[in-house]
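Comments concern the structure below.
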2 protein chains.
Amino acid sequence: MANLTDCIEEYLKKLLALSSERYVEVQRRQLAKKFACVPSQINYVLERRFSPDRGYLVESRRGGGGWIRIFRIETSHARPWREVIESLNGREFEPSRIRQLLKRMYEEKIISRRESSLLETVIKDRIYEEKGLSKNKARELQHELLSEALEELLKVNY
Amino acid sequence: MANLTDCIEEYLKKLLALSSERYVEVQRRQLAKKFACVPSQINYVLERRFSPDRGYLVESRRGGGGWIRIFRIETSHARPWREVIESLNGREFEPSRIRQLLKRMYEEKIISRRESSLLETVIKDRIYEEKGLSKNKARELQHELLSEALEELLKVNY
DNA sequence: TATATAAAGGTCAGAGATGGTCAGATGAAA
DNA sequence: TTTCATCTGACCATCTCTGACCTTTATATA
């Protein structure tokens, strides 16, 4: 195998495939020791090869008995929707337009009515105005919060 | 089980689950002896894993025949979650604390896992920092968005 | 009754054990 | 040569565990 990163990736994916759980659990130190590298190399592999984009979710805990868990997550049909919303630029990101999108997501059964109403809350101009934010700042925040929220939804299929 | 704290937590929760009372009673010394650790380790576990945030209440008595009682706090329907969150004042509104509350709401089946994860998005400091908001402003917005979102949930049926 | 002693539990600082981050070195490929 | 991916190491953040010292309560004894 060409390089460490590939080796570690392959190893972890094998573990994941063989595991009866929906995740694998490793210790950073141990894994680094196994591959004779510095611990931070593990973080590099996780970042590059087990990112959400690639369909993985990583959790960890520090301290004595710490661990790293890698989940394989289902990529649902929500992905294209998120991409649409993410790609909207400033002018296009208008609450009324977003509400329309959310409505369609609900109709397509991508999200529930309750989820839709939670997401609509995030794009309510009034809230940001009350806190004295400029229109631009508000738009940016709304955009970011919404993208992030949809991103989270993609992860929660397990 | 990786570490002592987890073991002791698991043990106590098992006791609690099996108990016919609404609390369990233990002795610090005995428990420490059972797990072959110093007594103060027990206090650590209680502090970290049986805090009010996590839905537990701990009482104790010193002296001969002393004891420690751990209660699971029932959710009071007299004080809805929305009100609890709304009533948090500045200092108390900390993302870590809110996350704990959301976790409990999920455990109590008030919200789904997906809804919980949507709501968690709203309290991610990083997003607000990236947009250049002050900590205070961010807190205010988080608080308002969360309250508003929970309010919306009340209005909507599945 | 007043006091001493024993038998609990509480607090806190610090050591130990993990994992995280980031800048920069190194290496591979275009 | 330039650029991008890989890899390292120093430094940081967080969680766990211990031990010394303190407070409270029950009980025995003067």
Side-chain angles (χ1 to χ4, degrees), chain A residues 1-13 15 23-54 56-71, chain B residues 1-13 15 23-54 56-71 94-100 103 120 124-127 129-130 135:
Chain A
M1 184 73 47
N3 61 52
L4 246 180
T5 299
D6 288 337
C7 290
I8 298 174
E9 175 189 13
E10 191 191 41
Y11 173 74
L12 289 174
K13 287 190 171 166
L15 278 191
Y23 63 87
V24 284
E25 186 174 304
V26 294
Q27 284 204 303
R28 193 178 77 148
R29 284 179 82 87
Q30 273 190 12
L31 196 54
K33 202 171 166 193
K34 182 180 181 73
F35 286 92
C37 62
V38 292
S40 59
Q41 174 66 18
I42 305 303
N43 295 85
Y44 178 73
V45 175
L46 293 176
E47 189 184 307
R48 302 294 295 216
R49 306 292 162 80
F50 294 88
S51 60
D53 274 4
R54 290 171 181 250
Y56 296 91
L57 178 63
V58 176
E59 284 182 354
S60 67
R61 196 156 97 192
R62 305 184 186 193
W67 42 254
I68 293 177
R69 285 184 193 146
I70 305 169
F71 296 78
Chain B
M1 183 78 45
N3 62 54
L4 247 180
T5 299
D6 288 337
C7 291
I8 298 174
E9 174 190 15
E10 193 190 46
Y11 173 73
L12 290 173
K13 286 190 172 168
L15 278 191
Y23 65 88
V24 283
E25 185 175 305
V26 295
Q27 283 203 304
R28 194 178 77 147
R29 283 178 82 88
Q30 272 190 12
L31 195 54
K33 202 171 165 193
K34 181 181 181 75
F35 286 93
C37 63
V38 292
S40 59
Q41 173 67 18
I42 305 303
N43 296 84
Y44 177 72
V45 175
L46 293 176
E47 187 185 308
R48 299 293 294 215
R49 305 292 163 79
F50 294 89
S51 61
D53 277 3
R54 289 171 182 252
Y56 296 90
L57 183 63
V58 175
E59 281 183 355
S60 66
R61 179 97 166 246
R62 306 185 186 192
W67 41 257
I68 292 177
R69 284 184 194 145
I70 304 169
F71 296 78
E94 275 289 322
S96 60
R97 176 179 298 225
I98 304 299
R99 242 170 254 127
Q100 201 54 57
K103 190 175 165 210
E120 277 199 27
K124 280 186 184 164
D125 283 343
R126 175 178 51 75
I127 297 177
E129 273 170 27
E130 276 172 13
K135 193 128 187 164

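Values reported hereafter were calculated over all heavy atoms of this structure, with side chains retained and with hydrogens, waters and symmetry mates removed. What you see is a predicted model, and the numbers here were worked out from it, not measured in a lab. Just so we're on the same page: letters track the sequence lines, and every chain starts at 1.
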OP1 or OP2 of dC15(D) sitting under 4.0 Å from any side-chain N/O of R48(B)? yes
Within the pair S60(B) and dG10(C), is there a side-chain N or O less than 4.0 Å away from OP1 or OP2? yes
Given that R49(A) and G64(B) both sit by DNA chain D, which one's nearest nucleotide is further toward the 5' end? R49(A)
With sugar-phosphate meaning primed atoms plus P, OP1 and OP2, does G66(B) contact a base, only sugar-phosphate, or nothing at under 4.0 Å between heavy atoms? sugar-phosphate
[X] [atom1] to [N] [atom2]: how many Å, rounded?
| X | N | atom1 | atom2 | result |
| --- | --- | --- | --- | --- |
| R28(A) | dG9(D) | CZ | P | 13 Å |
| E59(B) | dG10(C) | CD | C1' | 16 Å |
| N3(A) | dC4(D) | CG | P | 18 Å |
| W67(B) | dT24(D) | CH2 | C1' | 13 Å |
| I42(A) | dT18(C) | CD1 | P | 15 Å |
| N43(B) | dT23(D) | CG | C1' | 13 Å |
| D6(A) | dA28(C) | CG | P | 13 Å |
| L4(A) | dG9(D) | CG | P | 12 Å |

Are the side chains of E59(B) and Y23(B) in contact, using a 4.5 Å heavy-atom criterion? no
Is F50(A) close to K13(A) at the side-chain level, that is, under 4.5 Å between some pair of heavy atoms? yes
Residue [X], side-chain heavy atoms: nucleotide from [options] that is nearest:
| X | options | value |
| --- | --- | --- |
| T5(A) | dC17(D), dT6(D), dG9(C) | dT6(D) |
| C37(B) | dA5(D), dT8(D), dT18(D) | dT18(D) |
| Y44(B) | dT21(C), dT8(D), dC15(D) | dC15(D) |
| R29(B) | dT18(D), dT8(D), dA8(C) | dA8(C) |
| I68(A) | dT18(D), dG9(C), dG20(C) | dG20(C) |
| V38(B) | dG19(D), dT6(D), dG19(C) | dG19(D) |

Under the 3.5 Å rule, do the base of [N] and the side chain of [X] count as making a donor-acceptor pair?
| X | N | value |
| --- | --- | --- |
| R62(A) | dG20(C) | no |
| S40(A) | dG9(D) | yes |
| R61(B) | dG9(C) | no |

Could you list the donor-acceptor pairs under 3.5 angstrom formed by side chains in residues 61-71 of chain B, with sequence neighbours left out?
unit_1, atom_1, unit_2, atom_2, d
R69(B), NE, E25(B), OE1, 2.7
R69(B), NH2, E25(B), OE1, 3.3

Any idea which heavy atoms bring R48(B) and R54(B) closest together, and the distance? O-NE, 3.0 Å
Is R126(B) salt-bridged to E130(B), going by a charged N under 4.0 Å from an acidic O? yes
Nearest 0.5 Å, please: how far is CD in E9(A) from CG in N3(A)? 9.5 Å
